[in-house]
Each structure stands twice: as structure tokens, then as C-alpha cells.
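We count ligands from 1, going down the list as the structure has it; atoms in each ligand are counted the same way.
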Amino acid sequence: MTDLAGIVAAIADEMRWEGQRGVVASYIPPLAAVPADKFGLALVMADGAVHLAGDADEPFSVQSISKVFALTLALGAVGDQLWARVGREPSGTAFNSIVQLETEHGIPRNPFINAGAIVVCDVLLGRLRPREAIGQMLRFVRELAGDDAIVIDDDVARAEQETGFRNRALANYMRSFGNLNGEVERVLGTYFHFCALAMSCRQLALAGRYLMNGGAVDGHRIVTENRARRINALMMSCGHYDNSGDFAYRIGLPGKSGVGGGILAIAPGIASIAVWSPGLNAAGNSQLGQLALERLAQRTGWSVFEPRMP
Ligand code: DON
């Protein structure tokens with residue numbers, strides 16, 4: 001029997017001594033102020049068991065991890081019609097890149113790059129006002145995690161708004177191609193508030209249970225089994241931007257990162273995993289988060305590419 005508690009504690013201990021911790025995001029003051037020595041790890045198992053280590057109960061800015069929940073809500077609202085406006089291919093470019101939008105007529109490669117997530121927000125605003133869409137997101141993650149303490153960090157949302165020039169460029173550019181219906185500032189206001197969700201590793205791992213469990217949590221269906229499988233597939237192929245191939249190679253699990261240093265990873269049928277270390281690699285993904293997940297996948301054999309004997 002795998003000693004999960006021992007593995008989780010050992011990984012957290014190893015991470016404490018790691019020298020190469022990456023660089024903390026500095027584009028807004030509330031992220032720049034986060035100490036680089038933070039590290040949290042949370043596992044929620046299919047049977048409900050929870051394993052925690054380090055700063056697993058400290059909320060951090062989930063940033064682009066919210067793109068998974070936004071995608072889930074948009075698919076719930078418009079189903080497969082979404083795919084007329086957003087692709088399902090890895091971009092091979094940075095999370096905020098604009099280059100492909102020109103040759104691809106304003107259709108973002110996937111829902112996990114910024115351009116794709118902005119279109120996802122626009123889709124949600126087809127039926128809701130920004131305040132309602134933000135409220136829906138907050139209720140959704142609170143319900144998924146079973147925790148009403150989850151909040152949106154207004155300082156982060158405001159700072160994103162003040163500095164989000166490149167996101168404005170992406171939104172305006174897509175609007176010029178007819179792939180954005182709402183007013184740019186309303187769409188971005190929603191997008192920035194989603195990025196500003198603050199959650200701990202424990203809350204994030206709890207919120208990811210529906211993706212581990214084929215779409216249901218405690219007998220309550222969140223999405224169909226098919227949809228859960230497909231969201232996981234997108235996380236595997238696109239969840240780490242131009243680092244997605246390397247993440248699949250090293251870790252072999254669907255995962256989604258954010259520039260706050262968090263990663264949500266799913267071992268389907270086994271565990272929902274959240275890790276947080278604020279230092280980022282060159283692609284904007286958590287340096288130690290990836291290393292910790294690599295060691296976890298190696299020691300548990302949870303990679304989806306591990307042979308499973310019938
Ligand atoms: O929209 C942005 O550019 C930031 N709020 C960062 C989003 C993000 O996490 C991308 N990630 N790795």
C-alpha cells in the first residue's frame with residue numbers, strides 16, 4: 001500500500017530545500033509581494049481522504065486556473081457551440097500571445113490561453129451581466145469546494161484592471177474579427193475578477209473533485225462523464241501554454257497552472273491535487289509546483305500513461 005501521507009510530507013520537505021525556486025510574478029504589486037518560500041500541497045482522494053502539507057491552507061491568487069471553472073460554466077451555458085469561437089489545440093505560444101490571432105481570424109487556439117478565456121467570458125456574458133457572471137463563478141467554486149469562505153481578492157482584480165493592456169489588445173483584436181460581442185471593458189472586468197479568485201490548495205483540490213470523479217461529486221452531477229473527460233484532455237494538451245508538452249512528458253496528468261504559482265492536477269479516478277509555490281519558470285508556470293507534481297507522479301505511478309492492467 002502506498003504511504004501517501006509519507007510521500008506528501010517528504011515532497012513538501014524536499015521543496016523547502018530547493019534552491020531553484022523560479023521568479024515570483026511581478027506585473028502587479030499584490031502578486032510581487034508574495035514570499036517566494038511559500039509551498040503548499042493538497043491531495044483529495046476519490047474516497048474523500050485528504051492529505052495536506054506546508055501552506056496548503058493559505059489562499060493564493062488562482063489566476064489562470066480559474067479558466068478551467070470558466071470553461072466548465074461556458075460549456076454548461078452553450079454546450080458545444082462554444083467550439084465555433086474557440087479552438088481545442090495547444091498554442092505552443094505564451095499565455096498572452098497575440099500572434100496566432102491574425103492568421104487564425106480571431107479564433108483563439110484554446111480556452112486556456114488568455115485570448116480563449118476572454119472569449120469564454122464573453123460567452124458567459126451573453127446571458128448574464130458582469131456582476132452576475134462573477135457571482136455565478138464565486139457560487140460555483142464555493143459549491144465545488146464545499147467552502148463558502150472562498151472570495152475574490154479585490155486588490156488583485158483592481159491591479160489586473162490597471163495593468164491589463166495586453167489583454168485589452170487581445171480583446172479588441174478579437175472584436176475586430178467579430179469574435180467578441182460584449183464591450184471590451186465589461187468582458188475584461190469579468191475576466192480579471194475570475195483571475196483574482198483566492199483559494200488555498202485544499203480548496204482548489206476539493207473544487208477539482210468533479211474532474212477526478214467523472215463529473216460528479218458526492219452523488220451530485222456537475223458535468224457529464226464525457227465532458228469531464230474532455231476538460232481533462234484540454235488540461236493535458238493546453239493547460240501549461242507552451243510548456244504543456246513538457247508537463248505531459250514529466251508529469252503525465254491533466255493540469256492547469258496560474259501565474260500566482262498554483263497548479264491544479266487531476267489523476268482521473270484517483271486524486272485531485274493542488275500545489276502552490278509562487279516562483280515561476282520562463283513559461284509562467286510554478287517551478288516547484290511542477291517539480292513536486294513530477295515527484296508525486298513518479299512515486300505513486302499516477303501518470304495516465306502508466307499501464308493499467310485489467
Ligand atoms: O491575464 C493575465 O495575463 C494574468 N491575470 C495572468 C493569467 C495567468 O495566470 C496566465 N498564466 N500562467
Review point. Going by an N to O cut-off under 4.0 Å, is there a salt bridge joining D122 and R85?
Key: yes

Practice item. Identify whether the distance between the nearest side-chain nitrogen and carboxylate oxygen of D246 and R250 falls below 4.0 Å. Key: yes

Practice item. With heavy atoms of G284 as the reference, note each atom of ligand 1 found under 4.0 Å away. Key: 12 (N)

Review point. Of all the non-hydrogen atoms in the protein, which one sits nearest to atom 5 (N) of ligand 1, and at what distance?
Key: Q63 OE1, 2.6 Å

Review point. F69 and Y241: same hydrophobic cluster, using ILVMFWY side-chain contacts below 4.5 Å?
Key: no

Check your understanding: Counting each atom of ligand 1 from 1 as listed, which ones have a heavy atom of N167 under 4.0 Å away?
Key -> 1 (O), 2 (C), 3 (O)

Review point. Does the side chain of N226 pick up a donor-acceptor pair with the side chain of R229 at under 3.5 Å?
Key: yes

Exercise for review: Say whether, by atom type as modelled, one donor and one acceptor occur between the side chain of R88 and the main chain of P111 under 3.5 angstrom.
Suggested key: no

Review point. Numbering the atoms of ligand 1 from 1, which are under 4.0 Å from a heavy atom of Y241?
Key: 10 (C), 11 (N), 12 (N)

**Study point:** Option nearest atom 9 (O) of ligand 1 (shortest heavy-atom distance, choices S257, S61, S64)
**Key:** S64

Check your understanding: Counting from 1, what ligand 1 atoms have a heavy atom of E160 closer than 4.0 Å?
Key -> 4 (C), 5 (N)

Study note, to complete from the structure: Shortest non-hydrogen pair, Q203 vs A149, comes out as NE2-CB, 4.4 Å

Practice item. Give a yes or no on whether M174 and W83 share a hydrophobic cluster (residues Ile, Leu, Val, Met, Phe, Trp, Tyr; joining criterion: side-chain heavy atoms under 4.5 Å apart). Key: yes

Exercise for review: For Y27, take its heavy atoms, then give the atoms of ligand 1 lying under 4.0 Å from any of them.
Suggested key: 4 (C), 5 (N), 6 (C)

Check your understanding: Any donor and acceptor pair, going by atom type alone, linking the side chain of K256 with main-chain N or O of G239 inside 3.5 Å?
Key -> yes

**Study point:** Within-shell test, N96 vs ligand 1, heavy atom, strictly < 4.0 Å
**Key:** no

Review point. For ligand 1, is F192 a contact, meaning one of its heavy atoms is under 4.0 Å away?
Key: no

Review point. Considering only the protein, which heavy-atom contact is closest to atom 1 (O) of ligand 1, and what is its distance?
Key: Y191 OH, 2.6 Å

Check your understanding: Does CD in Q298 sit with more than 12 non-hydrogen atoms of other residues, nucleotides or ligands closer than 6.0 Å?
Key -> yes

Exercise for review: For C195, counting its heavy atoms only, list the atoms of ligand 1 lying under 4.0 Å from any of them.
Suggested key: 5 (N)

**Study point:** Proximal atoms of ligand 1 relative to V259 (non-hydrogen, under 4.0 Å)
**Key:** 6 (C), 8 (C), 9 (O), 10 (C), 11 (N), 12 (N)

Point to revise | Taking atom 3 (O) of ligand 1 as the reference point, the nearest protein heavy atom with its distance | key: N114 ND2, 2.9 Å

